[in-house]
Amino acid sequence: MDSPQQDPQHTPRPVPPNGSVEVRLRRAPKFWPFVGMGAALGILVAIVSAFTGPESAEFTRNTVAAFLSVYYGIAGVLVGCVTYLIVDRVTSKRDRRTTAVPVDEPEER
């Protein structure tokens, strides 16, 4: 009979006798604020460029602003994602290892 293969990443680690476990502690930035700010800045740049640029004979300024908002918004989302990755990489270098001790939770009443 074949024994099931165990994944080395999911192999349970032995718990030391005192019950403490070494953990990695780090603060990570949130992803969605970076994406939202990138989109908002892209749309803001699109609106400013639509209303300060030369007027078109074929399209109104609102149409140009809407058209540019789509493209600049997508570009802003991409810039926000890249900024998030850079900030996440920088903050991950400041992580630290510490010891955690499991605590028995009190029974609920």
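Note that this is a predicted model, so its numbers are computed, not measured.
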Residues in salt bridge (charged side-chain N to carboxylate O under 4.0 Å, His left out) contact with Arg27, at least two apart in sequence or another chain: none
Partners of Arg97 by salt bridge (charged side-chain N to carboxylate O under 4.0 Å, His left out), sequence neighbours excluded?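 Only Glu22 meet the salt bridge (charged side-chain N to carboxylate O under 4.0 Å, His left out) criterion with Arg97.
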What pairs meet the salt bridge (charged side-chain N to carboxylate O under 4.0 Å, His left out) rule with one or both residues in [range], with sequence neighbours excluded?
range	result
residues 35-47	none
residues 77-89	Arg26-Asp88
residues 37-48	none

Surrounding CZ of Phe31 (heavy atoms of other residues, nucleotides or ligands, distance under 6.0 Å), is the total greater than 12? yes
Can you name the residues that form a side chain to side chain donor-acceptor pair (under 3.5 Å) with Arg61, not counting sequence neighbours?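 Testing Arg61 for side chain to side chain donor-acceptor pair (under 3.5 Å), a comparison that skips the adjacent residues, returns none.
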Pairing residues for Asp95 by the side chain to side chain donor-acceptor pair (under 3.5 Å) criterion, not counting sequence neighbours: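 Expected list: Arg24.
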Does Leu44 sit in a hydrophobic cluster with other residues, and if so which ones, taking ILVMFWY side chains as linked at heavy-atom separations under 4.5 Å, directly or through other members? none
Remaining members of Leu25's ILVMFWY cluster at a side-chain heavy-atom cut-off under 4.5 Å?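 The other cluster members (ILVMFWY side chains, heavy atoms under 4.5 Å, direct or chained): none.
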Atom pairs and distances, side-chain donor-acceptor, residues 75-87, under 3.5 Å, sequence neighbours left out:
residue, atom, partner, partner atom, Å
Thr83, OG1, Val79, O, 2.7

Check whether any side-chain heavy atom of Thr98 sits under 4.5 Å from a side-chain heavy atom of Val23, and report yes or no.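 Yes - at least one pair of side-chain heavy atoms lies under 4.5 Å apart.
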Minimum-distance pair of heavy atoms, taken over all atoms of Ala65 and Ala46: O-CB, 4.4 Å
Could you report the tightest heavy-atom contact between Ile43 and Gly73, atom names first, then the distance?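 For Ile43 versus Gly73, the nearest heavy atoms are CG1-CA, 4.2 Å.
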Test of understanding: clusters of I, L, V, M, F, W, Y form through side-chain heavy atoms closer than 4.5 Å, transitively. Do Val45 and Val64 belong to the same one?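 Both belong to a single hydrophobic cluster.
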Exercise answer: donor-acceptor pairs, residues 50-60 side-chain atoms, under 3.5 Å, sequence neighbours excluded:
residue, atom, partner, partner atom, Å
Thr52, OG1, Val48, O, 2.6
Ser56, OG, Glu58, N, 3.2
Ser56, OG, Phe59, N, 3.4
Thr60, OG1, Thr63, N, 3.3
Thr60, OG1, Thr63, OG1, 2.9

To the nearest 0.5 Å, atom CD1 of Ile47 lies from atom CG of Leu68 at 10.0 Å
